[in-house]
S.K.: 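The structure that follows is given in the form of structure tokens.
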There are 2 protein chains.
Amino acid sequence: MGKMKRQPTHPGIIIKEDYLRPLSITIKDMAVILGVSRKTLSKIINERGSITPDMALRLSRAFDTTADLWMNLQKNYDLWLAEHTSKEWQAVKQISSDLIHSHSNC
Amino acid sequence: MGKMKRQPTHPGIIIKEDYLRPLSITIKDMAVILGVSRKTLSKIINERGSITPDMALRLSRAFDTTADLWMNLQKNYDLWLAEHTSKEWQAVKQISSDLIHSHSNC
DNA sequence: CATATTGTAACCTCTCAGGTTACGCATGTC
DNA sequence: GACATGCGTAACCTGAGAGGTTACAATATG
């Protein structure tokens with residue numbers, strides 16, 4: 001499977017670099033605009049929080065983007081992290097065609 | 001924004017209809033293959049559980065698919081649900097260009 | 001110095017994933 | 001009828017994490 005080599009950019013970085021900084025909007029003000037607490041937004045921007053579906057919808061409204069954009073950023077980040085953090089899933093084996101035809105044993 | 005009209009298919013339905021049923025594999029056996037409890041898989045298949053990143057990786061191994069496929073199914077489902085369940089996000093207003101140039105007040 | 005912004009700790013509530021165990025209900029088979 | 005299998009699910013526990021409020025220290029900036 002073609003996997004990502006490096007860790008995907010955290011959605012919070014995108015918010016900070018591509019929106020807040022260019023628009024000269026503070027985290028405090030942005031939190032008000034989004035209708036969330038300053039803590040919630042701060043956590044995301046400092047890569048300690050996740051984009052929830054609700055937050056994705058809020059961001060899509062404020063920045064006139066799709067909510068899907070933000071969901072995808074978070075999804076890619078989460079998947080990469082799980083892929084490189086846990087190992088247990090690697091023990092799962094592909095279902096072989098042998099298993100499919102196990103009925104021939106009857 | 002082009003939104004989905006209908007509720008996206010829950011990932012659990014895909015597992016059941018496109019994999020377990022065609023392959024004649026029971027939930028019990030599949031849970032063993034995935035290395036999770038019967039309850040966890042049962043919940044997902046009955047649309048009461050979510051595909052976590054870890055589960056997406058397990059499914060990708062067992063069914064020889066990408067983990068991204070399962071993550072996307074869950075993402076679309078979650079987003080649709082949030083969009084049609086909560087309403088608070090609709091109160092968020094787009095950042096106007098007025099706001100951007102508010103410095104001209106100095 | 002005074003004010004604004006920010007990260008973050010401490011604390012609370014709620015939700016949810018995931019595990020184990022056990023029950024009742026089907027549907028088989030002998 | 002007796003027994004086993006598969007299944008949904010309840011009850012229970014642990015741990016993680018979102019999100020809120022309040023408060024404090026640090027770092028600008030006027």
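Every chain is numbered from 1 and lettered A, B, ... according to where its sequence line falls, protein lines coming before strand lines. Only this structure's heavy atoms are used, side chains among them; waters, hydrogens and symmetry mates stay out.
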S.K.: Base, backbone or nothing for each nucleotide of nucleotides 4-11 of chain D, written B, S, -, heavy atoms under 4.0 angstrom, 5' to 3'?
M.R.: --SBBB--
S.K.: Does A/Thr40 make a side-chain N or O approach to OP1 or OP2 of D/dG20 shorter than 4.0 Å?
M.R.: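 Yes, within the criterion.
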S.K.: Can you tell me how far the CD1 atom of A/Ile27 sits from the CG atom of A/Leu20, to the nearest 0.5 Å?
M.R.: 6.5 Å
S.K.: Should we say atom CD of A/Glu88 is surrounded by more than 12 heavy atoms from elsewhere, each under 6.0 Å from it?
M.R.: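 Counting other residues, nucleotides and ligands, CD of A/Glu88 stays at 12 neighbours or fewer.
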S.K.: Less than 3.5 Å apart, any donor N or O on the side chain of A/Ser60 or A/Trp70 sitting next to an acceptor on the other?
M.R.: no
S.K.: What salt bridge (charged side-chain N to carboxylate O under 4.0 Å, His left out) pairs are there with at least one residue in residues 21-46 of chain B, not counting sequence neighbours?
M.R.: B/Glu17-B/Arg21
S.K.: Could you list the residues that satisfy side-chain contact (heavy atoms from CB on, under 4.5 Å) with A/Ala62, not counting sequence neighbours?
M.R.: A/Met30, A/Ile33, A/Leu34, B/Val92, B/Ile95
S.K.: Taking atom P of D/dA18 as reference, at what distance in whole Å does atom CD of A/Gln74 sit?
M.R.: 8 Å
S.K.: Atom CE of B/Met55 to atom C1' of C/dG19: distance rounded to whole Å?
M.R.: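 For the pair B/Met55 CE and C/dG19 C1', the rounded distance is 12 Å.
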S.K.: Rounding to a whole Å, what distance do you find between B/Asp78:CG and D/dA18:P?
M.R.: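 About 14 Å, once rounded to whole Å.
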S.K.: With B/Gln7, which residues qualify under side-chain contact (heavy atoms from CB on, under 4.5 Å), at least two apart?
M.R.: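 For B/Gln7 the side-chain contact (heavy atoms from CB on, under 4.5 Å) partners, ignoring immediate neighbours, are B/Tyr77, B/Trp80, B/Leu81.
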S.K.: Under the rule for side-chain contact (heavy atoms from CB on, under 4.5 Å), what residues qualify as partners of A/Asn76, not counting sequence neighbours?
M.R.: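 With neighbours one apart ignored, the set is A/Met4, A/Pro8, B/Asp68.
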S.K.: Check this one for me: any side-chain N or O of B/Ser50 less than 4.0 Å away from OP1 or OP2 of C/dA17?
M.R.: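 True: B/Ser50 side-chain N/O within range (under 4.0 Å) of C/dA17 OP1/OP2.
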S.K.: Provide, to the nearest angstrom, the distance between the CG atom belonging to B/Asp54 and the P atom belonging to D/dA16.
M.R.: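 Atom-to-atom, B/Asp54 to D/dA16, this comes out as 15 Å.
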S.K.: Using every non-hydrogen atom in the two residues, find where B/Ala67 and B/Leu57 come nearest and quote the distance to one decimal.
M.R.: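 That would be CB-CD2, 3.9 Å.
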S.K.: Mind listing the N/O atom pairs, protein and nucleotides 27-30 of chain D, below 3.5 Å?
M.R.:
none

